[in-house]
Amino acid sequence: MNSFMSWIGGKKSLRELIITRFPLYYERYIEVFGGGGWVLFHKNPGNDFEVYNDFNGLLVNLYRCVRERPQELMDALSYCLNSRADFETVKNTLARDKVNLPEGQREDALGYSPATDVQKAAWFYQLIRYSYASGLTSFGSQPHDIRSNFPVIEQAHRRLAKVVVENKDFEKLIGQYDRPVSFFYADPPYFETESYYKNVGEDGFTEKDHIRLRDALLGIEGKFLLSYNDCEFIRSLYDAPGIQVEAFTRINNIKQRYDNGAQFPEILIANYELHEREKNAPSQLNLFDVGGLNT
């Protein structure tokens with residue numbers, strides 16, 4: 001199924017490839033940098049224990065409201081206007097607030113609006129849907145009825161029913177959920193494109209964070225799969241025994257506008273055999289295999 005939202009760096013076009021590179025066996029699936037959740041929503045729920053995490057508190061609040069209060073969220077969205085003035089008001093209000101304060105304590109915070117979690121989730125979803133390229137900063141000026149998204153919000157509500165939603169720093173999350181049966185999929189901000197991911201209320205991702213992520217992943221008991229842009233810095237970080245790297249390209253959606261067919265180089269990095277699913281897939285019989293006709 002599709003995600004209920006777009007997000008910068010979302011893995012909609014790569015989700016099928018990524019899932020074919022999952023390990024054969026795991027009991028815990030942890031999506032470290034959840035974002036739009038395209039891989040989570042595309043994978044089969046199965047019987048594994050699933051965790052969605054993101055450091056962006058506004059995004060996590062939206063996920064929790066989709067999971068727990070979808071009707072209230074859709075009721076609030078019914079009053080959203082697709083207008084530049086409304087967009088700027090919502091953006092400025094969310095930039096002042098910190099969503100991790102519990103309801104009932106916000107009136108005492110300096111400059112804090114008394115809006116509920118549902119209202120903040122509606123505002124943030126409005127910001128995503130009506131911003132240019134889901135960048136959250138500038139009004140997109142595109143015709144769109146936000147109520148047309150209600151069916152996919154209802155689908156996401158059902159899909160997230162058993163998913164644990166976390167709002168943790170990646171290092172603490174990895175330490176908390178690491179087990180020999182854990183599988184972490186991590187899609188961090190790409191190296192030297194971190195400013196694209198500077199969302200409302202965040203300070204962004206730094207070079208030190210890329211190194212901190214490497215140190216956290218290389219020390220785990222479980223397995224990890226990592227998405228990155230293909231560059232020397234990232235390749236050197238993960239140049240270690242037992243680490244596999246697979247390169248591929250995809251259409252560059254930004255350059256495509258003026259350079260038809262432009263490709264963007266990416267890599268997948270893992271601490272296990274990346275093609276173990278393919279190698280263990282049952283081979284297909286043909287007529288010559290039946291009855292020993294090939295002998």
Side-chain angles (χ1 to χ4, degrees), residues 1-22 26-82 90 94 99 116-131 133-136 140 142-167 183-187 199-200 225 227 250 253:
M1 63 173 285
N2 289 330
S3 174
F4 65 97
M5 52 170 278
S6 56
W7 193 250
I8 289 181
K11 289 294 177 286
K12 181 179 181 180
S13 63
L14 296 176
R15 53 187 170 167
E16 186 60 36
L17 170 69
I18 290 168
I19 286 176
T20 62
R21 300 301 189 267
F22 275 19
Y26 57 89
E27 295 179 8
R28 292 177 160 213
Y29 174 76
I30 303 101
E31 205 155 300
V32 182
F33 302 87
W38 284 96
V39 175
L40 173 68
F41 284 113
H42 191 58
K43 74 182 279 292
N44 291 324
N47 294 317
D48 53 326
F49 176 90
E50 297 178 313
V51 178
Y52 168 95
N53 178 72
D54 204 284
F55 195 60
N56 185 325
L58 290 167
L59 182 59
V60 167
N61 178 58
L62 172 59
Y63 266 75
R64 286 175 175 159
C65 287
V66 168
R67 186 186 63 181
E68 297 161 12
R69 302 161 78 174
Q71 190 56 55
E72 292 176 66
L73 175 62
M74 289 186 285
D75 289 345
L77 286 170
S78 299
Y79 296 98
C80 290
L81 299 177
N82 186 4
V90 165
L94 288 176
V99 78
T116 65
D117 287 342
V118 170
Q119 184 59 66
K120 287 178 181 290
W123 284 342
F124 194 54
Y125 193 64
Q126 178 184 4
L127 207 59
I128 295 168
R129 293 301 313 186
Y130 291 148
S131 60
S134 303
L136 310 178
Q142 295 294 320
H144 179 73
D145 183 353
I146 210 163
R147 288 169 293 192
S148 66
N149 300 116
F150 288 0
V152 75
I153 289 176
E154 291 174 339
Q155 290 175 14
H157 157 67
R158 292 190 290 271
R159 176 63 181 85
L160 293 172
K162 295 182 180 179
V163 176
V164 176
V165 179
E166 294 279 22
N167 178 210
F183 169 50
F184 297 90
Y185 171 61
D187 182 31
N199 304 316
V200 177
L225 178 64
S227 305
R250 62 167 172 82
N253 294 322

Revision key, fill the gap. In terms of heavy-atom contacts, Y185 and S227 come closest through OH-OG, 2.6 Å
Review point. Do any N or O atoms from the side chain of S3 and from the backbone of G36 form a donor-acceptor pair under 3.5 angstrom?
Key: yes
Check your understanding: At their closest point, which heavy atom of L17 faces which heavy atom of T20, and how far apart are they?
Key -> O-OG1, 2.5 Å
Name every donor-acceptor pair, under 3.5 Å, that has one atom in a side chain of residues 149-158 and the other anywhere in the protein, sequence neighbours excluded.
| unit_1 | atom_1 | unit_2 | atom_2 | d |
| --- | --- | --- | --- | --- |
| N149 | OD1 | H144 | NE2 | 2.8 |
| H157 | ND1 | V66 | O | 3.2 |
| H157 | ND1 | R67 | O | 2.8 |

Review point. Can you list the steps and then say if L136 with I128 is a side chain to side chain contact (heavy atoms under 4.5 Å, CB included)?
Key: CA-CA 6 Å; L136 310 178; I128 295 168; 3.6 Å; yes
Practice item. With sequence neighbours excluded, tell me which residues meet ring-ring contact (aromatic ring centres under 6.0 Å, His included) with Y130. Key: none
Practice item. Kindly write out the residues that satisfy side-chain contact (heavy atoms from CB on, under 4.5 Å) with A122, not counting sequence neighbours, or none if the list is empty. Key: L73, A76, L77, Q119
Check your understanding: Got a sec, which residues hit salt bridge (charged side-chain N to carboxylate O under 4.0 Å, His left out) with R159, two or more places apart in sequence or on another chain?
Key -> E50
**Study point:** With sequence neighbours excluded, residues passing salt bridge (charged side-chain N to carboxylate O under 4.0 Å, His left out) with E68
**Key:** none
Review point. Residues two or more places apart in sequence or in another chain: which of them pass side chain to side chain donor-acceptor pair (under 3.5 Å) with D145?
Key: R147
Check your understanding: Under 3.5 Å, is there a donor-acceptor pair between the side chain of N167 and the main chain of D54?
Key -> yes
Check your understanding: Does Y29 have any side chain to side chain donor-acceptor pair (under 3.5 Å) partners at least two apart in sequence or in another chain, and if so, which?
Key -> E31
Practice item. Quick one: closest heavy-atom pair of Y52 and G35, and the distance? Key: OH-O, 2.7 Å
Point to revise | side chain to side chain donor-acceptor pair (under 3.5 Å) involving S78 - partner list, sequence neighbours excluded | key: none
Check your understanding: Are L160 and F41 side-chain neighbours, meaning at least one heavy-atom pair lies under 4.5 Å?
Key -> yes
Exercise for review: Please examine the side chains of L58 and Y125, heavy atoms only from C-beta on, and report whether any two atoms are closer than 4.5 Å.
Suggested key: no
Review point. Do Y63 and F4 have their ring centres less than 6.0 Å from each other?
Key: yes
Review point. Among all residues two or more places apart in sequence or in another chain, which pass the side-chain contact (heavy atoms from CB on, under 4.5 Å) test with K12?
Key: R15, W38
Practice item. Considering non-hydrogen atoms only, spot the tightest contact between Q126 and L81 and give its length. Key: NE2-O, 3.1 Å
Check your understanding: Could you give the distance from CG (N61) to CH2 (W123), rounded to the nearest 0.5 Å?
Key -> 11.5 Å
**Study point:** side chain to side chain contact (heavy atoms under 4.5 Å, CB included) evaluation trace for F55 with V60
**Key:** CA-CA 8 Å; F55 195 60; V60 167; over 6 Å; no
Review point. Short question: side chain of N82, backbone of Q142 - any donor-acceptor pair under 3.5 Å?
Key: yes
**Study point:** Within residues 56-66 or reaching into it, pairs that qualify as salt bridge (Lys or Arg N to Asp or Glu O under 4.0 Å) - sequence neighbours excluded
**Key:** none
Practice item. Output all residues satisfying side chain to side chain donor-acceptor pair (under 3.5 Å) with S131, sequence neighbours left out; order by chain, then residue number. Key: none
Review point. With I19, which residues qualify under side-chain contact (heavy atoms from CB on, under 4.5 Å), at least two apart?
Key: F22, V39, H42, K43
Exercise for review: Begin with the C-alpha distance, continue with both residues' side-chain angles, and end with the deciding distance and a verdict on side chain to side chain contact (heavy atoms under 4.5 Å, CB included) for L59 and M5.
Suggested key: CA-CA 11 Å; L59 182 59; M5 52 170 278; 3.6 Å; yes
Review point. Do I18 and L225 have side chains that get closer than 4.5 Å, going by heavy atoms?
Key: yes
